Trainee: 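Please see the structure below; I have some questions.
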2 protein chains.
Amino acid sequence: MEDEVDRLVAAWRRERPDLDVEPLEVLSRVSRLARHLDRARRLAFSEHQLEPWEFDVLTALRRAGTPYQLSPGQLLTQTLVTSGTMTNRIDRLAKKGLVERLPDPSDRRGVLVRLTDEGRDRADQALAGLLEQERAILSELSRAQRAELAGLLRQLTAPFDNIPG
Amino acid sequence: MEDEVDRLVAAWRRERPDLDVEPLEVLSRVSRLARHLDRARRLAFSEHQLEPWEFDVLTALRRAGTPYQLSPGQLLTQTLVTSGTMTNRIDRLAKKGLVERLPDPSDRRGVLVRLTDEGRDRADQALAGLLEQERAILSELSRAQRAELAGLLRQLTAPFDNIPG
DNA sequence: GGCGTTTATCTCGACGTCAAGACGCTTCAC
DNA sequence: GTGAAGCGTCTTGACGTCGAGATAAACGCC
(Lines give C-alpha, C1' and ligand atoms only; values in the text may rest on other atoms or scores of the structure.)
Protein backbone atom coordinates (compact mmCIF):
# COMPACT_ATOMS: atom_id res chain seq x y z
CA MET A 1 0.00 0.00 0.00
CA GLU A 2 1.27 3.46 -0.94
CA ASP A 3 1.50 6.26 1.58
CA GLU A 4 2.02 10.02 1.50
CA VAL A 5 5.80 9.68 1.78
CA ASP A 6 5.90 7.55 -1.37
CA ARG A 7 4.24 10.45 -3.18
CA LEU A 8 6.55 12.98 -1.59
CA VAL A 9 9.64 11.02 -2.52
CA ALA A 10 8.37 10.56 -6.08
CA ALA A 11 7.90 14.33 -6.38
CA TRP A 12 11.44 15.00 -5.23
CA ARG A 13 12.89 12.44 -7.63
CA ARG A 14 11.05 14.19 -10.44
CA GLU A 15 12.14 17.70 -9.41
CA ARG A 16 15.61 16.91 -8.12
CA PRO A 17 16.79 13.74 -9.90
CA ASP A 18 20.34 14.72 -8.95
CA LEU A 19 19.70 14.21 -5.21
CA ASP A 20 19.58 10.97 -3.24
CA VAL A 21 16.45 11.38 -1.14
CA GLU A 22 16.50 7.87 0.36
CA PRO A 23 16.78 9.20 3.95
CA LEU A 24 13.29 10.63 3.63
CA GLU A 25 11.88 7.14 3.23
CA VAL A 26 12.62 6.50 6.87
CA LEU A 27 12.72 9.83 8.64
CA SER A 28 9.79 11.56 6.96
CA ARG A 29 7.69 8.56 7.87
CA VAL A 30 8.81 8.88 11.46
CA SER A 31 7.83 12.56 11.58
CA ARG A 32 4.52 12.08 9.84
CA LEU A 33 3.57 9.06 11.92
CA ALA A 34 4.37 11.03 15.07
CA ARG A 35 2.02 13.74 13.90
CA HIS A 36 -0.77 11.25 13.35
CA LEU A 37 -0.10 9.74 16.75
CA ASP A 38 -0.36 13.15 18.38
CA ARG A 39 -3.79 13.62 16.94
CA ALA A 40 -4.90 10.15 17.94
CA ARG A 41 -3.60 10.66 21.46
CA ARG A 42 -5.41 13.96 21.77
CA LEU A 43 -8.61 12.21 20.84
CA ALA A 44 -8.05 9.31 23.22
CA PHE A 45 -7.27 11.61 26.13
CA SER A 46 -10.26 13.82 25.53
CA GLU A 47 -12.44 10.91 26.70
CA HIS A 48 -10.81 11.37 30.07
CA GLN A 49 -10.88 15.18 29.97
CA LEU A 50 -7.13 15.35 29.72
CA GLU A 51 -4.86 17.25 27.35
CA PRO A 52 -1.70 15.57 26.09
CA TRP A 53 0.50 17.87 28.13
CA GLU A 54 -1.48 17.02 31.26
CA PHE A 55 -0.96 13.33 30.56
CA ASP A 56 2.77 13.88 30.16
CA VAL A 57 3.12 15.56 33.53
CA LEU A 58 0.79 13.25 35.43
CA THR A 59 2.37 10.07 34.10
CA ALA A 60 5.88 11.31 34.84
CA LEU A 61 4.78 11.63 38.45
CA ARG A 62 2.96 8.30 38.29
CA ARG A 63 6.04 6.48 37.05
CA ALA A 64 8.09 7.91 39.88
CA GLY A 65 6.21 5.58 42.25
CA THR A 66 5.08 6.28 45.79
CA PRO A 67 4.80 8.97 47.02
CA TYR A 68 4.37 10.22 43.44
CA GLN A 69 6.33 13.40 43.79
CA LEU A 70 9.06 15.11 41.77
CA SER A 71 10.59 18.56 41.65
CA PRO A 72 9.66 20.92 38.80
CA GLY A 73 13.23 20.56 37.59
CA GLN A 74 12.95 16.78 37.32
CA LEU A 75 9.65 17.20 35.52
CA LEU A 76 11.08 19.49 32.91
CA THR A 77 13.99 17.24 32.06
CA GLN A 78 11.50 14.43 31.55
CA THR A 79 9.02 16.40 29.48
CA LEU A 80 11.52 18.50 27.50
CA VAL A 81 9.79 21.83 28.06
CA THR A 82 11.18 25.05 29.51
CA SER A 83 10.81 26.15 33.10
CA GLY A 84 8.28 28.86 32.32
CA THR A 85 6.08 26.33 30.63
CA MET A 86 6.33 23.91 33.52
CA THR A 87 5.38 26.56 36.07
CA ASN A 88 2.31 27.30 34.00
CA ARG A 89 1.42 23.62 33.68
CA ILE A 90 1.75 22.95 37.38
CA ASP A 91 -0.42 25.99 38.12
CA ARG A 92 -3.19 24.68 35.91
CA LEU A 93 -2.96 21.09 37.15
CA ALA A 94 -3.03 22.33 40.74
CA LYS A 95 -6.12 24.41 40.00
CA LYS A 96 -7.81 21.26 38.67
CA GLY A 97 -6.85 19.40 41.82
CA LEU A 98 -4.70 16.80 40.04
CA VAL A 99 -1.41 17.79 41.67
CA GLU A 100 -0.35 19.84 44.68
CA ARG A 101 2.73 21.91 45.44
CA LEU A 102 4.62 21.15 48.63
CA PRO A 103 7.68 22.91 49.99
CA ASP A 104 10.79 20.79 49.68
CA PRO A 105 11.79 20.02 53.30
CA SER A 106 15.46 19.63 52.37
CA ASP A 107 15.89 22.72 50.17
CA ARG A 108 14.03 25.91 50.84
CA ARG A 109 14.51 27.09 47.24
CA GLY A 110 12.63 24.15 45.89
CA VAL A 111 9.14 22.73 45.79
CA LEU A 112 7.83 19.24 45.24
CA VAL A 113 4.93 18.45 42.97
CA ARG A 114 2.80 15.57 44.21
CA LEU A 115 0.04 13.69 42.46
CA THR A 116 -3.31 13.77 44.25
CA ASP A 117 -5.38 10.60 44.47
CA GLU A 118 -7.59 11.90 41.69
CA GLY A 119 -4.56 12.74 39.60
CA ARG A 120 -3.25 9.21 39.99
CA ASP A 121 -6.57 7.68 38.99
CA ARG A 122 -6.90 9.92 35.96
CA ALA A 123 -3.38 9.08 34.84
CA ASP A 124 -4.04 5.36 35.21
CA GLN A 125 -7.28 5.52 33.27
CA ALA A 126 -5.78 7.59 30.48
CA LEU A 127 -2.82 5.24 30.17
CA ALA A 128 -5.13 2.25 29.81
CA GLY A 129 -7.05 4.05 27.08
CA LEU A 130 -3.89 5.05 25.30
CA LEU A 131 -2.52 1.50 25.29
CA GLU A 132 -5.74 0.16 23.91
CA GLN A 133 -5.64 2.63 21.06
CA GLU A 134 -1.99 2.00 20.33
CA ARG A 135 -2.57 -1.74 20.20
CA ALA A 136 -5.15 -1.12 17.49
CA ILE A 137 -2.71 0.95 15.44
CA LEU A 138 -0.06 -1.75 15.79
CA SER A 139 -2.38 -4.56 14.81
CA GLU A 140 -1.11 -3.98 11.26
CA LEU A 141 2.05 -5.77 12.32
CA SER A 142 2.79 -9.22 13.66
CA ARG A 143 4.42 -9.64 17.03
CA ALA A 144 7.72 -10.41 15.36
CA GLN A 145 7.47 -7.35 13.14
CA ARG A 146 6.75 -5.13 16.14
CA ALA A 147 9.83 -6.45 17.90
CA GLU A 148 11.89 -5.92 14.75
CA LEU A 149 10.61 -2.37 14.42
CA ALA A 150 11.25 -1.56 18.07
CA GLY A 151 14.81 -2.81 17.70
CA LEU A 152 15.55 -0.75 14.62
CA LEU A 153 14.09 2.37 16.21
CA ARG A 154 16.14 1.84 19.33
CA GLN A 155 19.28 1.96 17.23
CA LEU A 156 18.28 5.40 16.02
CA THR A 157 17.11 6.83 19.35
CA ALA A 158 19.94 5.52 21.49
CA PRO A 159 22.53 8.06 20.26
CA PHE A 160 20.19 10.94 21.07
CA ASP A 161 19.26 9.55 24.48
CA ASN A 162 22.76 8.67 25.61
CA ILE A 163 25.40 10.91 24.09
CA PRO A 164 24.11 14.51 24.30
CA GLY A 165 21.31 15.88 26.51
CA MET B 1 22.37 -0.11 23.67
CA GLU B 2 19.67 1.06 26.03
CA ASP B 3 17.55 4.12 25.31
CA GLU B 4 15.14 6.32 27.21
CA VAL B 5 12.16 4.22 26.20
CA ASP B 6 13.72 1.13 27.76
CA ARG B 7 13.87 3.04 31.02
CA LEU B 8 10.33 4.32 30.60
CA VAL B 9 8.97 0.84 29.90
CA ALA B 10 10.85 -0.58 32.86
CA ALA B 11 9.30 2.06 35.11
CA TRP B 12 5.82 1.21 33.94
CA ARG B 13 6.40 -2.52 34.42
CA ARG B 14 7.45 -1.78 37.98
CA GLU B 15 4.53 0.53 38.73
CA ARG B 16 1.85 -1.21 36.70
CA PRO B 17 2.83 -4.88 36.38
CA ASP B 18 -0.79 -5.65 35.52
CA LEU B 19 -0.61 -3.74 32.22
CA ASP B 20 0.87 -4.84 28.89
CA VAL B 21 2.89 -1.83 27.83
CA GLU B 22 4.46 -3.45 24.77
CA PRO B 23 2.91 -0.86 22.37
CA LEU B 24 5.10 1.80 23.92
CA GLU B 25 8.20 -0.03 22.70
CA VAL B 26 7.31 1.03 19.19
CA LEU B 27 5.16 4.12 19.40
CA SER B 28 6.95 5.99 22.17
CA ARG B 29 10.13 5.56 20.20
CA VAL B 30 8.44 7.02 17.15
CA SER B 31 7.26 10.07 19.09
CA ARG B 32 10.54 10.64 20.84
CA LEU B 33 12.59 10.19 17.72
CA ALA B 34 10.37 12.68 15.93
CA ARG B 35 11.05 15.16 18.68
CA HIS B 36 14.78 14.71 18.35
CA LEU B 37 14.47 15.07 14.58
CA ASP B 38 12.59 18.34 15.01
CA ARG B 39 15.44 19.75 17.04
CA ALA B 40 18.06 18.51 14.62
CA ARG B 41 16.13 19.95 11.69
CA ARG B 42 15.82 23.31 13.40
CA LEU B 43 19.55 23.34 13.86
CA ALA B 44 20.28 22.32 10.28
CA PHE B 45 17.94 24.95 8.86
CA SER B 46 19.34 27.72 11.00
CA GLU B 47 22.52 27.50 8.94
CA HIS B 48 20.43 28.68 6.03
CA GLN B 49 18.48 31.25 8.06
CA LEU B 50 15.29 29.23 7.71
CA GLU B 51 12.74 28.09 10.27
CA PRO B 52 11.21 24.62 9.94
CA TRP B 53 7.83 26.08 9.01
CA GLU B 54 9.48 28.15 6.28
CA PHE B 55 11.12 25.04 4.90
CA ASP B 56 7.79 23.23 4.87
CA VAL B 57 6.08 25.91 2.82
CA LEU B 58 8.97 26.57 0.45
CA THR B 59 9.54 22.90 -0.32
CA ALA B 60 5.85 22.28 -0.92
CA LEU B 61 6.06 24.94 -3.63
CA ARG B 62 9.38 23.57 -4.87
CA ARG B 63 7.97 20.07 -5.26
CA ALA B 64 5.09 21.42 -7.30
CA GLY B 65 7.54 22.07 -10.14
CA THR B 66 7.58 24.98 -12.57
CA PRO B 67 6.20 27.59 -12.20
CA TYR B 68 6.43 26.79 -8.47
CA GLN B 69 3.02 28.10 -7.50
CA LEU B 70 0.14 26.78 -5.41
CA SER B 71 -2.97 28.26 -3.83
CA PRO B 72 -3.04 28.85 -0.06
CA GLY B 73 -5.65 26.11 0.11
CA GLN B 74 -3.34 23.57 -1.53
CA LEU B 75 -0.56 24.64 0.80
CA LEU B 76 -2.60 24.08 3.91
CA THR B 77 -3.68 20.59 2.94
CA GLN B 78 -0.02 19.74 2.40
CA THR B 79 1.29 21.28 5.59
CA LEU B 80 -1.63 20.36 7.89
CA VAL B 81 -2.03 23.82 9.40
CA THR B 82 -5.11 26.02 9.56
CA SER B 83 -5.90 28.81 7.16
CA GLY B 84 -5.13 31.58 9.63
CA THR B 85 -1.72 30.13 10.20
CA MET B 86 -1.06 29.87 6.48
CA THR B 87 -2.06 33.49 5.87
CA ASN B 88 0.42 34.53 8.52
CA ARG B 89 3.16 32.33 7.08
CA ILE B 90 2.69 33.63 3.57
CA ASP B 91 2.77 37.20 4.87
CA ARG B 92 6.11 36.63 6.55
CA LEU B 93 7.64 34.73 3.64
CA ALA B 94 6.51 37.47 1.26
CA LYS B 95 8.06 40.10 3.50
CA LYS B 96 11.35 38.19 3.31
CA GLY B 97 11.08 38.06 -0.46
CA LEU B 98 10.96 34.25 -0.67
CA VAL B 99 7.45 34.03 -2.12
CA GLU B 100 5.05 36.43 -3.80
CA ARG B 101 1.26 36.58 -3.92
CA LEU B 102 -0.35 36.75 -7.35
CA PRO B 103 -4.04 37.07 -8.15
CA ASP B 104 -5.46 33.83 -9.51
CA PRO B 105 -6.36 34.65 -13.12
CA SER B 106 -9.10 32.03 -13.20
CA ASP B 107 -10.81 32.80 -9.87
CA ARG B 108 -10.97 36.29 -8.47
CA ARG B 109 -11.53 34.98 -4.93
CA GLY B 110 -8.23 33.22 -4.93
CA VAL B 111 -4.56 34.01 -4.93
CA LEU B 112 -1.53 32.01 -6.01
CA VAL B 113 1.64 31.82 -3.99
CA ARG B 114 4.76 31.64 -6.11
CA LEU B 115 8.32 30.91 -5.13
CA THR B 116 10.79 33.65 -6.01
CA ASP B 117 14.17 32.72 -7.44
CA GLU B 118 15.72 33.34 -4.07
CA GLY B 119 13.06 31.23 -2.40
CA ARG B 120 13.80 28.35 -4.73
CA ASP B 121 17.54 28.56 -4.10
CA ARG B 122 17.07 28.68 -0.34
CA ALA B 123 14.76 25.68 -0.46
CA ASP B 124 17.24 23.71 -2.53
CA GLN B 125 20.13 24.53 -0.25
CA ALA B 126 18.21 23.70 2.89
CA LEU B 127 17.06 20.40 1.45
CA ALA B 128 20.63 19.41 0.62
CA GLY B 129 21.68 20.25 4.17
CA LEU B 130 18.79 18.32 5.65
CA LEU B 131 19.55 15.21 3.62
CA GLU B 132 23.17 15.31 4.64
CA GLN B 133 22.22 15.45 8.29
CA GLU B 134 19.63 12.72 7.96
CA ARG B 135 22.14 10.45 6.27
CA ALA B 136 24.38 10.84 9.28
CA ILE B 137 21.58 9.87 11.65
CA LEU B 138 20.77 6.82 9.55
CA SER B 139 24.36 5.67 9.31
CA GLU B 140 23.58 3.56 12.38
CA LEU B 141 21.75 1.19 10.06
CA SER B 142 22.75 -0.83 7.03
CA ARG B 143 21.06 -0.23 3.71
CA ALA B 144 19.01 -3.39 4.17
CA GLN B 145 17.93 -2.31 7.65
CA ARG B 146 16.87 1.09 6.38
CA ALA B 147 14.73 -0.53 3.72
CA GLU B 148 13.25 -2.89 6.30
CA LEU B 149 12.47 0.02 8.61
CA ALA B 150 10.90 2.08 5.84
CA GLY B 151 8.68 -0.84 4.91
CA LEU B 152 7.48 -1.44 8.46
CA LEU B 153 6.77 2.25 8.96
CA ARG B 154 4.85 2.40 5.72
CA GLN B 155 2.51 -0.27 7.04
CA LEU B 156 1.71 1.96 9.99
CA THR B 157 1.37 5.24 8.10
CA ALA B 158 -0.62 3.96 5.15
CA PRO B 159 -3.93 3.64 7.06
CA PHE B 160 -3.65 7.24 8.23
CA ASP B 161 -2.72 8.54 4.81
CA ASN B 162 -5.31 6.66 2.82
CA ILE B 163 -8.46 6.02 4.83
CA PRO B 164 -9.31 9.26 6.66
CA GLY B 165 -8.06 12.82 5.95
C1' DG C 1 32.41 32.83 58.08
C1' DG C 2 31.91 36.06 54.16
C1' DC C 3 31.36 36.48 49.15
C1' DG C 4 30.88 35.14 44.55
C1' DT C 5 28.96 31.35 41.86
C1' DT C 6 25.61 28.02 41.00
C1' DT C 7 21.02 26.12 41.32
C1' DA C 8 15.80 26.12 41.53
C1' DT C 9 11.79 28.29 40.50
C1' DC C 10 8.88 31.90 38.98
C1' DT C 11 7.68 36.27 36.16
C1' DC C 12 7.01 38.69 32.00
C1' DG C 13 6.72 40.02 27.12
C1' DA C 14 6.79 38.31 22.45
C1' DC C 15 5.49 35.03 19.17
C1' DG C 16 3.06 31.35 16.43
C1' DT C 17 -0.90 28.63 16.24
C1' DC C 18 -5.72 27.62 16.35
C1' DA C 19 -10.79 28.09 15.86
C1' DA C 20 -14.49 30.70 14.58
C1' DG C 21 -16.33 33.88 11.88
C1' DA C 22 -16.36 37.69 8.27
C1' DC C 23 -16.10 38.88 3.56
C1' DG C 24 -16.22 38.57 -1.27
C1' DC C 25 -16.52 35.73 -5.33
C1' DT C 26 -18.41 31.72 -7.82
C1' DT C 27 -21.68 28.20 -9.04
C1' DC C 28 -25.95 26.25 -9.90
C1' DA C 29 -30.87 25.59 -9.72
C1' DC C 30 -34.81 27.68 -11.04
C1' DG D 1 -30.75 36.68 -14.74
C1' DT D 2 -31.50 36.11 -9.62
C1' DG D 3 -30.99 34.16 -5.13
C1' DA D 4 -29.01 30.76 -2.17
C1' DA D 5 -25.52 27.90 -1.06
C1' DG D 6 -20.65 26.81 -1.37
C1' DC D 7 -15.88 27.98 -1.47
C1' DG D 8 -11.35 30.42 -0.67
C1' DT D 9 -8.99 33.59 1.92
C1' DC D 10 -8.25 36.74 5.53
C1' DT D 11 -9.26 38.73 10.34
C1' DT D 12 -9.62 38.43 15.18
C1' DG D 13 -9.06 37.01 19.99
C1' DA D 14 -7.55 33.47 23.11
C1' DC D 15 -4.13 30.32 24.42
C1' DG D 16 0.31 27.75 25.25
C1' DT D 17 5.10 27.93 24.64
C1' DC D 18 9.55 30.00 24.70
C1' DG D 19 13.52 32.77 26.22
C1' DA D 20 15.46 36.06 29.07
C1' DG D 21 15.68 37.87 33.27
C1' DA D 22 14.44 38.26 38.37
C1' DT D 23 14.51 36.39 42.91
C1' DA D 24 15.97 33.68 46.48
C1' DA D 25 18.45 29.98 48.61
C1' DA D 26 22.46 26.83 48.78
C1' DC D 27 27.18 25.77 47.94
C1' DG D 28 32.19 26.26 47.93
C1' DC D 29 36.49 28.49 48.02
C1' DC D 30 39.70 30.95 50.64
Side-chain angles (χ1 to χ4, degrees), chain A residues 31 34-36 38-39 41-43 45-46 49-58 60-61 64 69-96 98-114 165, chain B residues 31 34-36 38-39 41-43 45-46 49-58 60-61 64 69-96 98-114 165:
Chain A
S31 292
R35 194 142 191 176
H36 291 306
D38 280 346
R39 295 191 166 194
R41 290 204 324 159
R42 180 177 300 279
L43 198 62
F45 293 150
S46 70
Q49 287 82 50
L50 280 183
E51 298 291 321
W53 64 262
E54 295 179 298
F55 179 83
D56 287 344
V57 176
L58 296 181
L61 291 166
Q69 59 189 22
L70 292 171
S71 70
Q74 291 173 308
L75 282 172
L76 57 90
T77 64
Q78 287 207 30
T79 55
L80 304 177
V81 297
T82 59
S83 62
T85 298
M86 186 52 68
T87 298
N88 186 13
R89 288 183 174 187
I90 296 168
D91 286 347
R92 284 176 284 160
L93 285 170
K95 197 170 296 177
K96 290 179 72 173
L98 302 180
V99 306
E100 54 189 346
R101 271 197 184 85
L102 306 172
D104 183 337
S106 67
D107 184 342
R108 254 180 301 174
R109 292 171 305 178
V111 302
L112 290 174
V113 181
R114 182 159 68 189
Chain B
S31 292
R35 196 141 192 178
H36 291 307
D38 279 346
R39 295 192 164 193
R41 290 203 326 158
R42 180 176 300 277
L43 198 62
F45 293 149
S46 70
Q49 287 81 51
L50 281 184
E51 298 290 321
W53 64 263
E54 296 179 297
F55 179 84
D56 288 342
V57 176
L58 296 180
L61 292 166
Q69 59 189 22
L70 293 171
S71 70
Q74 291 174 307
L75 282 172
L76 58 90
T77 64
Q78 286 206 31
T79 55
L80 303 178
V81 297
T82 59
S83 63
T85 298
M86 187 52 68
T87 298
N88 185 11
R89 288 183 174 186
I90 296 168
D91 286 346
R92 284 176 284 160
L93 286 171
K95 197 169 296 177
K96 290 179 72 172
L98 303 181
V99 306
E100 53 190 347
R101 270 196 185 87
L102 306 172
D104 184 338
S106 67
D107 185 341
R108 255 180 299 176
R109 290 172 305 179
V111 302
L112 290 174
V113 181
R114 182 160 67 190

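Since the model is a prediction, treat every value here as computed from it, not as a measurement. Throughout, protein chains are lettered first and strands after them, A, B, ... in sequence-line order, and every chain is numbered starting at 1.
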Trainee: Please determine whether a side-chain nitrogen or oxygen atom of B:T87 lies at a distance below 4.0 Å from atom OP1 or OP2 of D:dT9.
Mentor: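 For B:T87, the contact criterion (side-chain N or O under 4.0 Å from OP1 or OP2 of D:dT9) is not met.
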Trainee: Any donor and acceptor pair, going by atom type alone, linking the side chain of B:T85 with main-chain N or O of B:V81 inside 3.5 Å?
Mentor: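 It does not hold such a pair.
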Trainee: So what does B:D107 touch, heavy atoms closer than 4.0 Å: a base, only the sugar-phosphate, or nothing?
Mentor: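 Sugar-phosphate only.
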Trainee: For the CZ atom on A:R101, are there more than 12 heavy atoms of other groups (residues, nucleotides or ligands in this structure) within a distance under 6.0 Å?
Mentor: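 Counting other residues, nucleotides and ligands, CZ of A:R101 exceeds 12 neighbours.
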Trainee: Can B:E54 and B:R92 be counted as an ion pair, charged N to O under 4.0 angstrom?
Mentor: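 Salt bridge absent between B:E54 and B:R92.
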Trainee: Starting at atom CZ of B:R42, determine the distance to atom C1' of D:dC18, rounded to an integer number of angstrom.
Mentor: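 So the CZ-C1' distance, B:R42 to D:dC18, works out to 10 Å.
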Trainee: Roughly how many Å is it from CD1 in A:I90 to P in D:dG16, rounded to a whole number?
Mentor: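 Rounding to the nearest Å, CD1 of A:I90 and P of D:dG16 are 15 Å apart.
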Trainee: Let me know the distance between CG of B:L112 and C1' of D:dT9, rounded to the nearest Å.
Mentor: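 Those two atoms, CG and C1', are 12 Å apart.
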Trainee: In whole angstrom, what separates B:Q74's CD from D:dT9's C1'?
Mentor: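 Whole-Å distance recorded here is 14 Å.
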Trainee: Take A:T82 and B:V111, find for each the nucleotide of DNA chain D with the closest heavy atom, and name the residue whose nucleotide sits nearer the 5' end.
Mentor: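 Mapping each residue to its closest nucleotide by heavy atoms, the 5'-most match is B:V111.
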Trainee: Can a side chain N or O of A:R108 be found less than 4.0 Å away from OP1 or OP2 on D:dA26?
Mentor: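 True: A:R108 side-chain N/O within range (under 4.0 Å) of D:dA26 OP1/OP2.
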Trainee: Nearest to the side chain of A:W53, heavy atoms from C-beta on, is which of D:dT17, D:dC18, D:dT9?
Mentor: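 The answer is D:dT17, which lies nearest to the side chain.
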Trainee: Return the value, rounded to whole Å, for the distance between atom CG of B:L70 and atom P of D:dT9.
Mentor: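 Going from CG in B:L70 over to P in D:dT9 covers 11 Å.
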Trainee: Where does the chain B footprint on DNA chain C start and end, counting 5' to 3' with a 4.0 Å heavy-atom cut-off?
Mentor: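 Span of nucleotides near chain B: C:dG16 to C:dT26.
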Trainee: Of all heavy-atom pairs between A:L61 and A:V113, which one has the smallest distance, and what is that distance?
Mentor: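 Smallest interatomic distance, heavy atoms only, reads CD2-O, 3.4 Å.
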Trainee: What is the distance, rounded to the nearest whole Å, between atom NZ of A:K95 and atom P of D:dG16?
Mentor: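 Distance check: A:K95 NZ to D:dG16 P gives 11 Å.
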Trainee: Tell me what B:G84 touches on the nucleic acid: a base, only sugar-phosphate, or nothing, going by heavy atoms under 4.0 Å.
Mentor: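 Base, at least one base atom sits under 4.0 Å.
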Trainee: Kindly indicate, with the supporting measurements, whether the criterion salt bridge (charged side-chain N to carboxylate O under 4.0 Å, His left out) is fulfilled by A:R109 and A:D104.
Mentor: CA-CA 8 Å; A:R109 292 171 305 178; A:D104 183 337; over 6 Å; no
Trainee: Please pick, from D:dT9, D:dA26, D:dC18, the nucleotide with the shortest atom-to-atom distance to any side-chain atom of A:R109.
Mentor: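 Nucleotide nearest to A:R109's side chain: D:dA26.
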Trainee: In Å, rounded to the nearest 0.5 Å, how long is the span from CD of A:E51 to CZ of A:R89?
Mentor: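 Rounded to the nearest 0.5 Å, the CD-CZ separation comes out at 10.5 Å.
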Trainee: Round to a whole Å and report the spacing from CZ of B:R89 to P of D:dT9.
Mentor: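 Between P of D:dT9 and CZ of B:R89: 16 Å.
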Trainee: Reckon A:R92 has a side-chain N or O less than 4.0 Å from the OP1 or OP2 of D:dT17?
Mentor: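 So the side-chain polar atoms of A:R92 do come within 4.0 Å of the phosphate oxygens OP1 or OP2 of D:dT17, strictly under.
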Trainee: Say whether, by atom type as modelled, one donor and one acceptor occur between the side chain of B:Q74 and the main chain of B:S71 under 3.5 angstrom.
Mentor: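 Answer holds: yes.
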Trainee: Mind calculating the distance between CZ (B:R39) and P (D:dC18) to the nearest angstrom?
Mentor: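 Value for this atom pair: 9 Å.
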